[in-house]
Amino acid sequence: MRRGILGGTFDPVHNGHLRLAAAAMVALDLAGVWFLPAGQPWMRRGALLTSREERKKMTERAIADKPGFHLLTNELDRPGDTYTVDTLEELACDGWDADETYFILGADALARAHRWKNPRRILVLARLAVAPREGSEPDVSALEAAVPGATKRIEAVRMEPVAVSASALRARAAAGGSLRGSVPDAVADYVEETELYRRGIWVETKGVTE
Ligand code: ATP
């Protein structure tokens, strides 16, 4: 059974994530896509992150009425920094087949993948499924240089660009704007009800929140 995993901070989960998951499902004939909210991603150490519980609630709401979309809480449940490779080891122990497990990501995430913990092992435990991100085509060169042969484990996913990013949405909400239309309605409702992004001052510098 072919399965997809879509990892992300999901702060908030948005229509770009949902379209990416749907595109991968069709392109790779996946039985389902498992959304994997990060616990404390080490690459964002020091950034002000919405709590695990809040990101879990938004993800649950986003996928509640979507057949084939599921939630994986492995990283939310693990204390400290969380690493993709550890999650893939856990899933392998649970019987997920390395050749039928696709870790789905956008081109921006692929460009950083060579800096992940143990990318070689990640590519043993799963294949990657990569989509363009807002016009940028996937570039495998950095990962291939770090892990020769990586390209053989990478599939391309075609999708129409969705010009939305979580950082832009946080900035919009912090300024009092609505997220409706860019996130599922249930997520927009949650952000409005909880005033999630209006509780602190969000300063965005090159995608990092300080
Ligand atoms: P931020 O703006 O805070 O960096 P983000 O919008 O990139 O957040 P993440 O949760 O970090 O959201 O992304 C999870 C995964 O989804 C990554 O692999 C990313 O490349 C992919 N992704 C996010 N938005 C899009 C989009 N609009 N189109 C294609 N892929 C996307």
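Order of appearance sets the numbers: ligands from 1, and atoms from 1 within every ligand. Values below: every heavy atom of this structure, side chains too, minus hydrogens, waters and symmetry copies.
The aromatic rings of His17 and Phe10 lie perpendicular to each other, with more than 60° between the two planes, well past the 30° mark.
Heavy-atom distances between Gly7 and ligand 1 reach below 4.0 Å in at least one pair.
Where the criterion is an N or O separation shorter than 3.5 Å, residue side chain and backbone included, His17 meets it with respect to ligand 1. Looking at ligand 1, you'll find an N or O of Val164 within less than 3.5 Å of one of its N or O atoms. An N or O contact shorter than 3.5 Å links Gly106 to ligand 1 by distance. Residue Ala168 has no N or O atom closer than 3.5 Å to an N or O atom of ligand 1.
Between the Arg19 side chain and the Val162 main chain, no donor and acceptor come within less than 3.5 Å of each other.
Taking a cut-off of under 4.0 Å to the non-hydrogen atoms of Gly8, the atoms of ligand 1 that pass are 10 (O), 14 (C). Residue-ligand proximity, Arg170 to ligand 1, at heavy-atom distances under 4.0 Å covers atoms 3 (O). Annotation for ligand 1: atoms under 4.0 Å from non-hydrogen atoms of Asp108 are 19 (C), 20 (O).
When the heavy atoms of Ala166, Gly16, Ala24 are ranked by distance to atom 6 (O) of ligand 1, first place goes to Ala166. Among Ala21, Ser167, Ala171, the residue whose heavy atom sits closest to atom 1 (P) of ligand 1 is Ser167.
Leu76 and Trp34 fall into different hydrophobic clusters, where Ile, Leu, Val, Met, Phe, Trp and Tyr residues are linked whenever their side-chain heavy atoms come under 4.5 Å apart, directly or through other members.
By the 4.5 Å heavy-atom criterion applied to side chains, Ile122 and Phe103 are not counted as neighbours. With a 4.5 Å cut-off on side-chain heavy atoms, Thr87 and Ile5 do not count as touching.
Applying the 6.0 Å contact sphere to CD of Glu137 captures more than 12 heavy atoms from other residues, nucleotides or ligands.
A distance of 9.0 Å separates CD of Glu60 from OG1 of Thr73, quoted to the nearest 0.5 Å.
Contact annotation: for Leu20 versus ligand 1, heavy atoms closer than 4.0 Å belong to the side chain alone. Contacts between Arg19 and ligand 1, counted as non-hydrogen atom pairs separated by less than 4.0 Å, are absent for every part of the residue. Heavy atoms of Leu105 found under 4.0 angstrom from ligand 1 belong to the backbone as well as the side chain.
Taking all atoms of both residues into account, the shortest heavy-atom contact from Arg78 to Asp86 is NH2-CB, 3.7 Å.
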Please assess Tyr190 against Asp185 for the test side chain to side chain donor-acceptor pair (under 3.5 Å), listing each intermediate value before the final yes or no.
CA-CA 9 Å; Tyr190 181 84; Asp185 281 346; over 6 Å; no
